[in-house]
Every structure is written in structure tokens, then in C-alpha cells.
Protein chains: 2
Amino acid sequence: MARVLKTADAAAPAADAPAAAAQGGQELSYGLLPQVLGYHLRRTQVAIFRHFSRTVAAAEDITPGLLGMLQVIAANPGLGQSRLAEAMEVDRSTIVKVVDQLEGRGLIVRQPSPHDKRSHCLRLTDEGRAALRRMQALMLQHEDEFTRVLTAEERRCLIDLLARLHGRTNPASRS
Amino acid sequence: MARVLKTADAAAPAADAPAAAAQGGQELSYGLLPQVLGYHLRRTQVAIFRHFSRTVAAAEDITPGLLGMLQVIAANPGLGQSRLAEAMEVDRSTIVKVVDQLEGRGLIVRQPSPHDKRSHCLRLTDEGRAALRRMQALMLQHEDEFTRVLTAEERRCLIDLLARLHGRTNPASRS
DNA sequence: TATTGTTATACTCTATAACTATA
DNA sequence: TATAGTTATAGAGTATAACAATA
């Protein structure tokens, strides 16, 4: 578990308005927002999504969401759609279109389950495995670029703090 | 600027599939995802959004986005819509509906600008100021609850790392 | 010409509810 | 009864393109 070292004490910022920020070329105030975690989370997610779009998506026409699904299917061959939905914490009905898209692009197949005629077993095709390898390489490069402003330790610490907040244990930091 | 102290070296996790995770009650694998910052960002944002919905939104019928806009308007009286759009990094056309909603609820007004007949000056109403005070109190409580699993230093460190990533300077940590 | 606010439109992501075929 | 997948539908949230009024 990474820990954090305080160096500079964050001076409490003035929470009120900067008199006349509205007209001139002055900088405008964000009020309490800079102290709000949710604000920084959203800003960071928008930034990383745009970086992903310019790098990974530009080359491979994929979204972070679809690539995540593809990775989970690859890591769990034969997974059913309902269990995939649970894993990604989205509704079963949302998964249908995701799987439609990945199957439509020839990256995965829906196979009939040998044990349950209602269920589909999801598996990557050969093409899907090749595409995943390419996409993962691009994605790791994109993440490296995006986090270039952080040290490796800071990056690990950040992931660790986020993992603690969203509650899923982070296998990468189990000692 | 907060720094980070390494304590446990994160052992590189196996990136490949866990043989037969698909059928039984076994735990399923997330592949490379636990090493991916974007994945943890999204997960955390979903978690904090749900917490916000159960706490702040349940009491005041507001979204994080609308509350953020309200705070920026409050902090910059007389702000125009285009500058608000720039500040929040969304399109001007997106702002229109946001302002419509806030105005429709009586929280802000569009006033004609004295200097530019095209432009609207956005201002909080008395009711808007009162609502903002209530909402901010709830929001700060919500953030405290959500980050209860972190120490105050860890929370500051997290915000600092995120602020560095999305590039906006974080006024709360200027020494 | 450029900018402010606006409208019409569309796209993505997501959820709810109801359906079918199994179990 | 309950579950797996599906469909129809709707609601956010966002963007693009074009427009009128004004700068």
C-alpha cells in the first residue's frame, strides 16, 4: 500500500469571488472547485479520453470502454454476457450492443454454451487477439505519454489511491 | 507540490488468462486493466457519481455538472456564456441548456450586458445563493464521506496528482 | 469578418421495462 | 420462479453546423 508524504502545506484558498473577473482578460475563479475531488476526476477523465482519442483511437478505431471489454473477454475465455455485465458494472442490455459491435468487427464470437442453452460463451477470434495485441501496445504507450508528468512512483500511488476509493482491490499492488 | 513515498513494490501481475475463470463461482480476471490509469479513473468517477446521487442529488436535485457551473458563475459574477463554456471546456451550444435549466429553476438570471448587446451577464439570484450554500455544504459532506478511506494528506496528494495530469494549475496547492 | 447566443440535429452511453427461451 | 439474452424506448450529455444580431 503506497503512502503519501506531505511536503507543502496547501494553503486554504479564498473561496469567494475575485471582485471583477468577468470582463477583462483576467483569470477567472473556479470557487471551491479546485478543492473538490469530483471536479479533478472529471477533468482528468476528459483529458485522458481526448489523449486516447488522438493516439489509440486514431490508429485502431476503438473506445476505452470497448477496449476494456475486449480485455476482460480475452482474460476470461468463455465468459457469458451477464457475468461480463457484472464485471463492468453495467446493465445486461448495455452489453448486447457492445458485444454486437465487437462481433460485427470480427474481434469476438458468441458461441453456444455447452452447459446452458440460454447462454453465450464469448471468445476472441484470431483477428481479435491480434487486434488486442496492437491496441494494448498503443494503449500502454498512450498511458505512458499521458502520465509522463508523473514519476513511476507517483503513478503507482495514484492508481492505488483510486483503487481504494472505488473499492475494487487492485491486484497490481497486492504485496 | 506533494510527493509520494514508495513502500510496497508492486509485483507485476500475470497479464494472461486464469485458465478456466468463466464457468464456476471463481473470481474473474481483469487482464491488464488494474494497471491502467484510465480504468481506475472511470471506476472512481462512476463510484463518486453514485455517491453524489445518493447524498447531494437526493436532497437538492442537482448534478455534479450543474453544481460546478453554478459555482463558477457564483465566483465570477457577470460572466458571459462563451467564457463559461471555455472555463468548463464544453461547447457554447452545450452551455445554453445548462443556463436554461439553472434559470428555469430560478437560481440564476441572464442580464443584458452593458458593454455588448450580444452577450448575457450571468448572475445568481438570492435564491440561487441560498441554494448554492445548501448544496455546497452537502457536497463537502459527500466528498468527506466518499474519501473517508483516505487520510487528509492522501486526499490532498490525490487531488494534486490529478491536477498535474489534467494540466489546470491547482490553486489549492500553490505554496 | 469575427463573435455571442441560439436552434436543429445527431451520436454515444446508459438505464428501465417487457419479451423469449430456457433453467 | 428465476435467469440469459434481447428489444424498444428514453434520458443524459455532448458535439457539429448553420443562423440572426451585433461587434
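Letters A, B, ... mirror the listed sequences (proteins, then strands); counts begin at 1.
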How many Å lie between [atom1] on [X] and [atom2] on [N], as a whole number?
| X | N | atom1 | atom2 | value |
| --- | --- | --- | --- | --- |
| B:Leu102 | C:dG5 | CG | P | 15 Å |
| A:Arg118 | D:dG5 | CZ | C1' | 10 Å |
| B:Gln81 | D:dT22 | CD | P | 16 Å |
| B:Ile95 | C:dG5 | CD1 | P | 10 Å |
| B:Phe52 | D:dA12 | CZ | P | 15 Å |
| A:Asp116 | D:dA4 | CG | C1' | 7 Å |
| B:His115 | C:dG5 | NE2 | P | 14 Å |
| B:Leu84 | D:dT14 | CG | P | 12 Å |

(request) Quick one: closest heavy-atom pair of A:Ile159 and B:Val36, and the distance? (result) CD1-C, 4.4 Å
(message) Between A:Arg155 and A:Glu143, does any side-chain N to carboxylate O distance fall below 4.0 Å?
(response) yes
Indicate every side-chain donor-acceptor pair of residues 88-96 of chain A with a distance under 3.5 Å to a residue at least two apart or in another chain.
{"residue": "A:Glu89", "atom": "OE1", "partner": "B:Arg43", "partner atom": "NE", "Å": "3.2"}
{"residue": "A:Asp91", "atom": "OD2", "partner": "A:Ser93", "partner atom": "N", "Å": "3.0"}
{"residue": "A:Asp91", "atom": "OD2", "partner": "A:Ser93", "partner atom": "OG", "Å": "2.8"}

(request) Between B:Glu86 and A:Lys117, name the one whose nearest nucleotide on DNA chain C is closer to the 5' end. (result) B:Glu86
(request) Kindly say whether B:Gly128 contributes a backbone atom to a donor-acceptor pair with the side chain of B:Thr125 at under 3.5 angstrom? (result) yes
(request) Using atom types as modelled and distance alone, determine if a side-chain donor or acceptor of A:Thr151 lies under 3.5 Å from a backbone N or O of A:Glu154. (result) yes
(request) Under the side chain to side chain donor-acceptor pair (under 3.5 Å) rule, collect the residues that match up with B:Asp61, sequence neighbours excluded. (result) none
For [X] and [N], is the shortest distance between a side-chain N/O and OP1 or OP2 below 4.0 Å?
| X | N | result |
| --- | --- | --- |
| B:Arg110 | C:dT4 | no |
| A:Ser113 | D:dA4 | no |
| B:Ser82 | C:dG5 | yes |

(request) Just say parallel, tilted or perpendicular for the rings of A:Tyr30 and A:Tyr39, cut-offs at 30° and 60°. (result) tilted
(message) Across nucleotides 10-18 of chain C, 5' to 3', mark each nucleotide with B, S or - according to how protein heavy atoms within less than 4.0 Å reach it.
(response) ---SBBBB-
